[in-house]
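Here's the structure, in structure tokens; my notes come after.
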Amino acid sequence: LSRFFMRLSISGTPNRLGQETTGHSISFKDIADCPTSCWTKSKHESFLMWSSYAKELGVCIKSTVNDFAASLNVDFQAEPTSDNQLLCGTIDYDKGPALSDDEILLFSKDKVYGDENEFRFYCNFHTGIETFSSGIKVPIDPNVMINEIIISPFICKEASDVLIHLFNEKYNIPTRHSKIKLKNTL
């Protein structure tokens, strides 16, 4: 993706944030309370990402933008409504002058987070979403979304083997150990 942020509207046409698509414009206020999913665009494993976000019992899920959108079981081809959009884009770590105020709020971070190489989704729909005190549950089709699962290098090999077996048995999705080798420290 380029630096332009995309909205996968009902019509499937990518647009800049706030640009009209068949009469509807989306703004920060429209999606302030929407479920958000943050991913990295890095093609390789990162010790930084593992230690920051999945140090205990974590996995890395590999997917694509199209597979993520397709897995949501939301009809993005129906008539445009504010309740049926997926707003997504690459995070800007420079807060460039070409960004609107809404884009800065939604798609920028301080430069110190640049190694995350983040891509973010805002799910502006409510079909099937359940809310809990600890978070939300957005129904997805894992066999559509997930291309590969990588088990955290912080998990012992025996537990990792069990997880790989369970993922392969339940979903038949390629699952493997992390390639990062940790040194034992005392």
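This structure is a prediction, so every number in the text was calculated from the model and none was measured.
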Heavy-atom donor-acceptor pair, S52 side chain to M49 backbone, under 3.5 Å: no
Heavy-atom side-chain proximity of F167 to N172 below 4.5 angstrom: no
Y113 ring center near Y93 ring center (under 6.0 Å): no
N-O pairing of K111 and E116 below 4.0 Å: no
Evaluation steps, side-chain contact (heavy atoms from CB on, under 4.5 Å), between I151 and R176: CA-CA 6 Å; I151 307 296; R176 66 173 174 83; over 6 Å; no
Sidechain-backbone polar pair: S71 side chain, D141 backbone, donor-acceptor under 3.5 Å: no
Closest contact, heavy atoms only, G89 versus F107: N-CE2, 3.4 Å
Heavy-atom closest pair, residues W50 and S178: NE1-OG, 3.9 Å
Heavy-atom donor-acceptor pair, S46 side chain to H44 backbone, under 3.5 Å: no
Check against side-chain contact (heavy atoms from CB on, under 4.5 Å), E45 and I150: CA-CA 9 Å; E45 287 188 70; I150 304 170; 3.8 Å; yes
Qualifying residue, where the test is side-chain contact (heavy atoms from CB on, under 4.5 Å) with F119 and the options are T40, I91, V65: V65
Residues T90, D92; criterion side-chain contact (heavy atoms from CB on, under 4.5 Å); working and verdict: CA-CA 6 Å; T90 301; D92 184 330; over 6 Å; no
CG on L48 to CG on N117, rounded to 0.5 Å: 11.0 Å
Working for side-chain contact (heavy atoms from CB on, under 4.5 Å), residues T36 and Y122: CA-CA 5 Å; T36 305; Y122 291 96; 3.2 Å; yes
N147 side chain to D67 side chain, donor-acceptor N/O pair below 3.5 angstrom: yes
Cluster overlap I61 with I173, hydrophobic side-chain contacts below 4.5 Å: yes
CG on D161 to OG1 on T175, rounded to 0.5 Å: 12.0 Å
Distance-minimising heavy-atom pair for S63 and F68: OG-N, 3.8 Å
Co-membership, hydrophobic cluster, residues V144 and L72, 4.5 Å side-chain: no
Contact summary for P142 and Y171, nearest pair of heavy atoms: CG-CE2, 3.4 Å
From CZ (R120) to NZ (K109), nearest 0.5 Å: 5.5 Å
Distance-only donor-acceptor check, side chains W39 and E118, under 3.5 Å: no
Distance in Å, T64 OG1 paired with M145 CE, rounded so as to fall on 0.5 Å steps: 10.0 Å
Distance in Å, S152 OG paired with L182 CG, rounded so as to fall on 0.5 Å steps: 7.5 Å
Smallest separation among heavy atoms of F154 and A54, with atom names: CD1-O, 4.1 Å
